[in-house]
Amino acid sequence: FGTVEDVTTPAMFDKALRTMDNNLSCGCRFTRFSIFQAPHIAAAQKFADEAAKRGANLVMQLHAGTLPDNVPHALETFQKIGRKNIGLAFDPNHLVFDGDLEYAAAVRKLAKLIVSVSLQNFKLGPAGVPVAERISVKGRDFVRALPGDPAAIDFAAVFRELTAIGLDGFATIMCDAYPGMDSRELARRYHAHLSKQL
């Protein structure tokens, strides 16, 4: 997918339409957008309607700080928007950020919405980790983890559930860095680990 910045103001909405057109010209299967408050539902509907005129599909990521930040909120948000050309990019790590460790089981609850998967890998961080190496979500500190870390995302469990619902789509690795590791080596590790799950 390609991503637009915002759809909730007239100026940003027009910019989002131009970005969506650019995404389509590049062959992006989806354009990702986010909404953050209940009043943004109408903007999401309008954006979906404009996308439908172009034969385009949209995606919202299950993401902390957005309306679809956990399972019940995602189900409610999609029901309220009520547009068939919007799907969900499932992200198990954002469920962990929300305090939900049953992220693999969430796949079946969200099965009708999931069209792609976003993969990040953070775990609760110990005290004293430098600010540059951690993120804080809902008052808790998290640090990056490598694939296979037992304290982080169990990718095998997630992929078992994705296979069970018959998902045939893309899994996008969104792990940007790991302290002290070259990005190429990090990419190799993710490729090796996740290829076993496919």
Side-chain angles (χ1 to χ4, degrees), residues 1-17 19-21 23-24 28-120 122 137-140 153-155 157-172 174:
F1 52 74
T3 300
V4 301
E5 295 176 59
D6 193 358
V7 298
T8 61
T9 68
M12 293 306 290
F13 190 89
D14 290 343
K15 185 176 180 182
L17 291 179
T19 301
M20 178 168 53
D21 289 336
N23 293 344
L24 291 169
C28 287
R29 188 169 291 188
F30 302 102
T31 290
R32 183 181 79 160
F33 74 101
S34 299
I35 55 175
F36 308 95
Q37 302 169 11
H40 297 164
I41 294 285
Q45 292 169 328
K46 182 179 174 184
F47 193 52
D49 293 343
E50 288 297 323
K53 292 175 187 176
R54 294 160 165 79
N57 292 303
L58 304 174
V59 65
M60 287 192 295
Q61 187 176 346
L62 194 154
H63 198 289
T66 69
L67 273 184
D69 62 350
N70 59 39
V71 173
H73 292 163
L75 292 169
E76 179 183 15
T77 299
F78 276 80
Q79 189 272 328
K80 286 182 176 178
I81 293 172
R83 299 297 189 271
K84 295 182 187 258
N85 63 330
I86 305 177
L88 180 71
F90 178 76
D91 189 328
N93 212 132
H94 277 276
L95 289 176
V96 172
F97 290 157
D98 198 61
D100 183 356
L101 299 181
E102 298 297 321
Y103 51 84
V107 169
R108 293 195 196 214
K109 297 173 186 173
L110 297 167
K112 292 181 180 179
L113 302 176
I114 298 172
V115 296
S116 69
V117 182
S118 299
L119 299 173
Q120 301 179 73
F122 288 83
V137 182
K138 294 191 170 184
R140 297 183 301 161
I153 297 298
D154 182 349
F155 290 116
V158 171
F159 275 81
R160 278 194 301 273
E161 294 300 317
L162 293 169
T163 299
I165 67 167
L167 182 70
D168 184 19
F170 289 94
T172 303
M174 302 180 77

Practice task
Among Leu95, Val115, Leu119, find the residue that satisfies the side chain to side chain contact (heavy atoms under 4.5 Å, CB included) test when tested with Phe90.
Solution key: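 Of Leu95, Val115, Leu119, side chain to side chain contact (heavy atoms under 4.5 Å, CB included) with Phe90 is met by Leu95 alone.
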Once rounded to the nearest 0.5 Å, what's the spacing between atom [atom1] of [X] and atom [atom2] of [Y]?
X	Y	atom1	atom2	result
Leu162	Arg160	CG	CZ	11.0 Å
Asp14	Glu50	CG	CD	9.5 Å
Ile35	Ile41	CD1	CD1	4.0 Å
Leu67	Asn70	CG	CG	10.5 Å
Asn57	Lys84	CG	NZ	12.5 Å
Ser116	Leu167	OG	CG	8.0 Å

So, does [X] use its side chain to make a donor-acceptor pair with the main chain of [Y] at under 3.5 Å?
X	Y	answer
Asn85	Ala48	yes
Tyr103	Asp154	yes
Asp98	Asp100	no

Hey, are the side chains of [X] and [Y] touching, using non-hydrogen atoms and a 4.5 Å cut-off?
X	Y	answer
Gln45	Lys80	no
Asp69	Lys138	yes
Leu110	Leu62	yes
Lys109	Glu102	no
Phe47	Val4	yes
Ile86	Phe33	yes

Which heavy atom of [X] sits nearest a heavy atom of [Y], and at what distance?
X	Y	value
Pro68	Thr77	N-OG1, 4.1 Å
Thr66	His63	OG1-O, 2.7 Å
Val59	Ala89	CG2-N, 3.3 Å
Asp91	Gln120	OD2-NE2, 2.7 Å
Ile81	Ala44	CD1-CB, 3.7 Å
Ile165	Val107	CD1-CG1, 3.7 Å

Handout entry: From CA spacing to verdict: side chain to side chain contact (heavy atoms under 4.5 Å, CB included), Arg29, Phe170
Key = CA-CA 10 Å; Arg29 188 169 291 188; Phe170 289 94; 3.7 Å; yes
Practice task
Kindly say whether the aromatic ring centers of Phe97 and Phe122 come within a distance under 6.0 Å.
Solution key: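 Yes - the distance between ring centres of Phe97 and Phe122 falls below the 6.0 Å cut-off.
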Practice task
Could you give me the CA-CA distance, side-chain angles and deciding distance for Leu113 and Leu75, then say whether side chain to side chain contact (heavy atoms under 4.5 Å, CB included) is met?
Solution key: CA-CA 8 Å; Leu113 302 176; Leu75 292 169; 4.1 Å; yes
Exercise for the section: Only counting residues at least two apart or in another chain, list the ones meeting side chain to side chain contact (heavy atoms under 4.5 Å, CB included) with Ala56. Expected result: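 Partners of Ala56 by the side chain to side chain contact (heavy atoms under 4.5 Å, CB included) criterion, ordered by chain and then number, come out as Met20, Leu24, Ala51, Arg54.
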